[in-house]
Amino acid sequence: MNSLADNTIMLKVKAGDLDKMGLLFERYHRPLYGFLFHMTYQRETSEDLVQQVFYKMLKYRETFTATGEFVHWMYSIARNTLKDQGKSLKQRVKHENTDDHTERLSGGLTPEEQLEKKQAKLGLYKAMEKLSDSHREVLTLSKFQELKYQEIAHILDISEIAVKTRAHRAMQELKSIYEKAER
Amino acid sequence: MKCEQYEGLFAGWINNELKPAERETLEQHLNGCAACREELASMQQLWAMMDEVEVPEPSASMKTDFTAMLNDFKATEANKKGSSAGIRQQLGWLLQWRQKWPLAYTFAIILVSFGCGYLFFNLKGGSKQDKQMADLTTQVHELKQTMALALLENPSASERIRGVSYTTEIKHADKEVIDALLATLNNDPNVNVRLSTLDALTHLAGHPEVRLGLVQSITTQDSPLMQSAIADVMLKLQEKSSVKSFKELLKQKDLDHGVRDKIKETITQLI
Ligand SMILES: [Zn+2]
């Protein structure tokens with residue numbers, strides 16, 4: 001497990017060894033980028049937000065207490081950063097990279113199969129975009145960040161039951177958006 | 001049991017998180033309920049399909065950007081230490097003192113107060129002394145401000161609250177103080193710290209940037225306590241520009257019911 005080491009590293013950062021943040025960057029900039037990408041669907045913004053999150057973790061390093069996991073703290077800060085950006089993100093240009101993103105489908109399928117798979121994938125991608133932010137957030141954290149519901153409960157500061165209910169509602173919403181579009 | 005009561009288990013099922021007993025409960029229900037079987041199957045299928053959703057690669061410049069940011073940050077930190085480390089260190093001593101020897105601390109404060117008073121009466125007079133007095137006042141002010149800012153960065157929530165309350169004693173809060181308070185309002189993990197920060201900022205509402213910061217903060221707060229406290233403040237300040245942000249907040253589906261009512265009420269009173 002990384003978790004013990006994560007906390008140890010962050011405590012070193014807190015104690016003043018700021019360079020150690022580089023290790024945490026190596027470990028987490030990709031997953032963090034993935035989360036932020038699903039929340040914004042903008043590449044450049046997501047990269048910029050990753051930097052902001054790491055900057056805030058440096059600046060507010062004193063608030064890290066190691067009573068919880070480093071990643072939970074990191075995602076909490078990421079959520080706050082997203083909220084700070086909320087207004088400008090509302091005017092986001094959607095579908096920024098839907099197209100080239102679906103180009104990279106693997107071979108080995110007939111052209112028809114490829115097309116069908118491509119369309120299904122694109123449909124799901126677009127359906128995810130249409131989800132409400134809080135639904136997309138819970139699905140992103142559980143599916144893509146592979147966090148357990150209990151961990152998500154820590155990050156969102158709600159009960160585990162509330163997380164499960166929200167995840168279920170989110171899947172229902174996703175299903176209905178997806179099926180509507182496919183029909 | 002009704003079907004809805006199994007909903008929480010659905011989420012655990014697709015994520016493979018169910019405990020054996022929970023799994024059994026759900027399976028028992030599924031055996032007798034075709035609707036749930038169908039629903040769960042399609043959910044599971046969609047969940048599996050999500051594996052295919054890709055995230056584009058972040059660009060290679062991220063690492064360089066990070067390193068640049070880190071170096072920048074280290075430089076500013078070193079600077080901060082250079083200019084105010086002395087005074088901050090002394091304050092740290094004083095604060096430690098207060099914890100270890102509260103009585104001695106009190107005496108020290110009394111002594112300092114007497115000293116100031118003595119200086120005040122003795123310096124009362126010539127214009128040159130007036131200037132010295134003014135300088136002294138400025139210094140005391142700066143000291144208070146440095147102390148407040150240092151406390152705001154303290155890991156203990158109660159110390160941060162103390163820092164917030166010190167800022168209310170500063171007569172002319174400058175940009176540094178306002179920025180620090182707004183950052184605390186939006187980022188402090190402790191709701192009590194955020195609440196007292198809101199209170200302190202309310203006293204500074206004469207500054208346009210404070211009002212703007214408060215309005216912007218409306219949509220970033222997710223604690224019902226804070227949401228309702230900000231509504232009170234906006235009403236008190238009669239800040240009409242907050243209506244837009246409140247309407248934005250109402251769009252959040254998981255907004256607390258009590259807060260929702262309160263915000264609707266606030267909007268009506270502001271318009
Ligand atoms: Zn059923």
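Order of the sequence lines fixes the chain letters, A, B, ..., with proteins taken first and strands second; residue numbering starts at 1 for each chain. Not measured: the values here are computed from a predicted model.
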> Could you look at D19(A) and say if it's the side chain, the backbone, both or neither that has a heavy atom under 4.5 Å from chain B?
both
> Which one, N187(B), I14(B), D188(B), leads in non-hydrogen pairs under 4.5 Å with chain A?
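Most heavy-atom pairs within the cutoff with chain A belong to N187(B).
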> Report yes or no: do E22(B) and W13(B) form a side-chain donor-acceptor pair below 3.5 Å?
no
> Sub-4.5 Å heavy-atom contacts with chain A: which residues of residues 59-67 of chain B show up?
S59(B), S61(B), M62(B), K63(B), D65(B), F66(B)
> Against chain A, work out which of K253(B), M49(B), Q221(B), Q45(B) has the most heavy-atom pairs shorter than 4.5 Å and name it.
M49(B)
> Mind checking whether F10(B) and Y6(B) have ring centres under 6.0 Å apart?
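Between Y6(B) and F10(B), which both carry aromatic rings, the centre distance is not below 6.0 Å.
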> Can you tell me if R136(A) uses its side chain to pair, donor with acceptor, with the backbone of H38(A) under 3.5 Å?
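Yes; at least one donor-acceptor contact below 3.5 Å.
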> Name the region of P58(B), side chain, backbone, both or neither, that has any atom closer than 4.5 Å to a heavy atom of chain A.
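Both parts, backbone and side chain.
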> Can you say whether the rings of W73(A) and F70(A) are parallel (under 30°), tilted (30 to 60°) or perpendicular (over 60°)?
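Ring orientation of W73(A) relative to F70(A): tilted.
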> Spell out the residues in residues 142-150 of chain A that have some non-hydrogen atom less than 4.5 Å away from a non-hydrogen atom of chain B, in order of number; otherwise answer 'none'.
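Only S142(A), K143(A), F144(A), L147(A), K148(A), Y149(A) of residues 142-150 of chain A have a heavy atom under 4.5 Å from chain B.
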> State whether a side-chain donor-acceptor pair under 3.5 Å links T197(B) with T184(B).
no
> For H29(A), is it the side chain, the backbone, both, or neither that has a heavy atom closer than 4.5 Å to a heavy atom of chain B?
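The side chain, not the backbone.
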